[in-house]
Asks: 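Take this structure first; my questions come after.
Every chain is numbered from 1 and lettered A, B, ... according to where its sequence line falls, protein lines coming before strand lines. Because the structure is predicted, anything quoted here is derived from the model rather than measured.
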Number of protein chains: 2
Amino acid sequence: MENGVHLNTVLLNGVHYTCGMPRPESTAAYARNSRDDVIEAALGILDQQGLPDLTMRHLAATLGIQPSGLYWHFPNKQALLAAVSDRIIAGARSVDTTGRSWQQRVQAEATALRDALLAFKDGAEVVSSTLALGLGAEGLHRRLTGAIDAGGFDEETSELAAATMVHFIVGHAFHEQQRIQADSLGAVAHAHTLDREDPAEATDRPGAFDFGITLLIAGLERQGTHVPADPASAGSQ
Amino acid sequence: MENGVHLNTVLLNGVHYTCGMPRPESTAAYARNSRDDVIEAALGILDQQGLPDLTMRHLAATLGIQPSGLYWHFPNKQALLAAVSDRIIAGARSVDTTGRSWQQRVQAEATALRDALLAFKDGAEVVSSTLALGLGAEGLHRRLTGAIDAGGFDEETSELAAATMVHFIVGHAFHEQQRIQADSLGAVAHAHTLDREDPAEATDRPGAFDFGITLLIAGLERQGTHVPADPASAGSQ
DNA sequence: ACCTGAACACCGTTCAAGT
DNA sequence: ACCTGAACACCGTTCAAGT
């Protein structure tokens, strides 16, 4: 793959790499990517090839640098994925609040966040791993708590309900994205092998997402503002 | 690692490997594991080392065979993990149904399933990936739909509600397990760096799980038996 | 400030062959 | 029935050094 032409090293040897100068006509021996360039390239690979192909080596090749060069921008791959996650979440469209009930607002926020996860291939999986690890992607929580707060619940209720919704939103999107991929891969292969009774198949009917969110909102409406901590729960022990 | 002593190949050369015979005193040149042995060993590694150490090579070494030997038992690693997932779910304790409301039953089933996920290190992550992929772990769905059905809901409602709960249960357990691990690793390191305001930290207070399940049950109680398909939902388009 | 070059210590999977 | 041996095509990460 190396092109045999001689590099312009003679020119480069005389450069004073005055550090402050931003992108000096890009006459450099290597790519000189910014941290943002790296994230953008990662999002590109993610969307067009998927998470399995988002390797440090592949990403580096896309940027025209060596794999080790990435470690100047990020301490490790997890940190890179956290930055990618934040970008995916930040891409969620903003919701028009004016004149809407808190229920409508929660529905709209949840849908916007789900759409953001679905906008990138394997987006839900990336965000899932990132927020399980406790890195980034707090935008999910923030927007949902904000919407629920409008219902006048106490802070604890809002946060717990938001956390419940986050798990559902991400889990549902993850599941749906995998199903899309499985369908596109095995569409022809399994086309006439359809003796369908798989319970996982029942989940993907349209409206499953809206149903879940509606269920949680209905739960909040019924609970009111009190936190259920009574021993009547048939719970853990 | 190879011990220099001579193998008992002389004895082995005379063997008629009559295929039906089960475990013939185990006088064999190699380990002769059953498929079940492999799953058991995988569960052992998972529980004591965690998912990152559950590699085909490590697993093979534990069983005393070559990595390639595993591919006689399973077509690939995903299939192995699916079998491991099924085992984890099957380990959920059974719930005493007698004289309990459907709400209590749902709570108990959900708790039993969560406990099963938490019983093995990284159990939630393994099950999460498996059921996202659409392989196995349907035990989760089955038990929850069974419990919800007792509330007299129509089949569609039961299944959608169960799917919602599955996402919450797995997501919550995943999150909690990662937090446990992060705490155990960085307990000393971050002990006096605690200027806490992380919203993810607010999630892990005890009762967050019960809250989520209670919220979903309350939602079901309010929804009754009708499926919300009216255009009043502030949903996706 | 941003990257190279080279190495280290790994992966999952295939396949012919052995017993 | 259950596994070996050897190979293929990869991984993430470190670190001294270069410009």
Side-chain angles (χ1 to χ4, degrees), chain A residues 2 7-24 26-39 41-42 45 49 51-81 129, chain B residues 1-2 7-39 41-42 45 49 51-81 129:
Chain A
E2 323 276 329
L7 304 171
N8 48 354
T9 44
V10 262
L11 297 176
L12 290 166
N13 283 337
V15 173
H16 310 76
Y17 351 102
T18 42
C19 296
M21 97 190 176
R23 295 269 184 176
S26 75
T27 81
Y30 42 78
R32 304 233 114 217
N33 300 286
S34 71
R35 180 188 156 100
D36 234 74
D37 295 333
V38 177
I39 298 174
I45 293 174
Q49 267 105 305
L51 187 56
D53 280 329
L54 180 46
T55 69
M56 298 302 261
R57 300 177 107 97
H58 189 172
L59 176 57
T62 297
L63 290 164
I65 63 176
Q66 298 299 111
S68 51
L70 292 171
Y71 290 83
W72 190 88
H73 298 281
F74 297 95
N76 50 52
K77 191 179 181 179
Q78 294 280 17
L80 198 228
L81 290 179
S129 71
Chain B
M1 294 305 181
E2 323 275 329
L7 304 171
N8 48 354
T9 45
V10 264
L11 296 177
L12 290 167
N13 283 337
V15 173
H16 310 75
Y17 352 101
T18 43
C19 296
M21 99 190 174
R23 296 270 183 175
E25 307 294 315
S26 76
T27 81
Y30 43 78
R32 304 232 116 219
N33 301 285
S34 71
R35 179 189 157 98
D36 234 73
D37 295 332
V38 178
I39 299 174
I45 292 174
Q49 268 104 304
L51 186 56
D53 280 329
L54 181 44
T55 69
M56 298 302 262
R57 300 178 108 97
H58 189 173
L59 175 57
T62 297
L63 289 164
I65 65 176
Q66 297 299 113
S68 51
L70 292 171
Y71 290 82
W72 190 88
H73 297 282
F74 297 94
N76 49 50
K77 191 179 180 179
Q78 294 280 16
L80 199 228
L81 289 178
S129 72

Asks: Consider side chain to side chain contact (heavy atoms under 4.5 Å, CB included). Of B:Met56, B:His73, B:Arg35, which one does B:Leu80 pass it with?
Replies: B:Met56
Asks: How many Å lie between OH on A:Tyr30 and P on C:dT4, as a whole number?
Replies: 8 Å
Asks: Between B:Pro52 and A:Arg57, name the one whose nearest nucleotide on DNA chain C is closer to the 5' end.
Replies: A:Arg57
Asks: Could you give the CG-to-P distance, from B:Asp36 to D:dC2, as a whole number of Å?
Replies: 12 Å
Asks: Looking at every strand, decide which applies to B:Ser68 at a 4.0 Å heavy-atom threshold: base, sugar-phosphate, or nothing.
Replies: base
Asks: Among C:dG12, D:dT13, C:dC3, which nucleotide has an atom closest to any side-chain atom of A:Ala31?
Replies: C:dC3
Asks: Any strand counts, and the cut-off is 3.5 Å on both contacts for Watson-Crick or G-U wobble. Which nucleotide pairs with D:dT13?
Replies: C:dA7
Asks: CG of B:Leu59 versus C1' of C:dC10: gap in Å, rounded?
Replies: 16 Å
Asks: Please give me the minimum heavy-atom distance between B:Ala42 and B:Leu59, naming the atom from each residue.
Replies: N-CD1, 3.6 Å
Asks: For the residue pair A:Val38 and A:Trp72, establish whether any side-chain heavy-atom pair is separated by less than 4.5 Å.
Replies: no
Asks: How many angstroms lie between atom CG of B:Leu51 and atom CD1 of B:Ile45, to the nearest 0.5 angstrom?
Replies: 11.0 Å
Asks: How long is the line joining CZ of A:Arg35 and P of C:dC2, in whole Å?
Replies: 12 Å
Asks: Distance check, rounded to the nearest 0.5 Å: B:Asn33 atom CG versus B:Leu70 atom CG?
Replies: 8.5 Å
Asks: Calculate the interatomic distance between A:Gln66 atom CD and D:dA17 atom P; express it in whole Å.
Replies: 18 Å
Asks: Could you work out the separation of D:dC2 and C:dA17 based on their P atoms and round it to a whole Å?
Replies: 22 Å
Asks: Would you tell me if any nitrogen or oxygen in the side chain of B:Asn33 comes within less than 4.0 Å of OP1 or OP2 on D:dC2?
Replies: no
Asks: OG1/B:Thr62 to CZ/B:Arg57 distance, rounded to the nearest 0.5 angstrom?
Replies: 14.0 Å
Asks: If you take any heavy atom closer than 4.0 Å to DNA chain D, which residues from residues 71-81 of chain B end up in contact?
Replies: B:Trp72, B:His73
Asks: Which listed nucleotide (D:dT4, C:dG12, C:dT13) is nearest to the side chain of B:Ile65?
Replies: D:dT4
Asks: Provide the distance between the two C1' atoms, one in D:dC3 and one in C:dT14, to the nearest whole Å.
Replies: 15 Å
Asks: About how many Å separate CG of A:Leu81 and CZ of A:Phe74, when rounded to the nearest 0.5 Å?
Replies: 9.5 Å
Asks: Nearest whole Å is fine: how far is D:dC11 P from A:His58 NE2?
Replies: 9 Å
Asks: From the set C:dC11, D:dT13, C:dA1, return the single nucleotide nearest to any side-chain atom of A:Met56.
Replies: D:dT13
Asks: Could you identify the nucleotide paired to D:dT19, looking across every strand shown and requiring Watson-Crick or G-U wobble geometry with both distances under 3.5 Å?
Replies: C:dA1
Asks: I need the CG-P distance between A:Leu70 and C:dC2, as an integer number of Å.
Replies: 13 Å
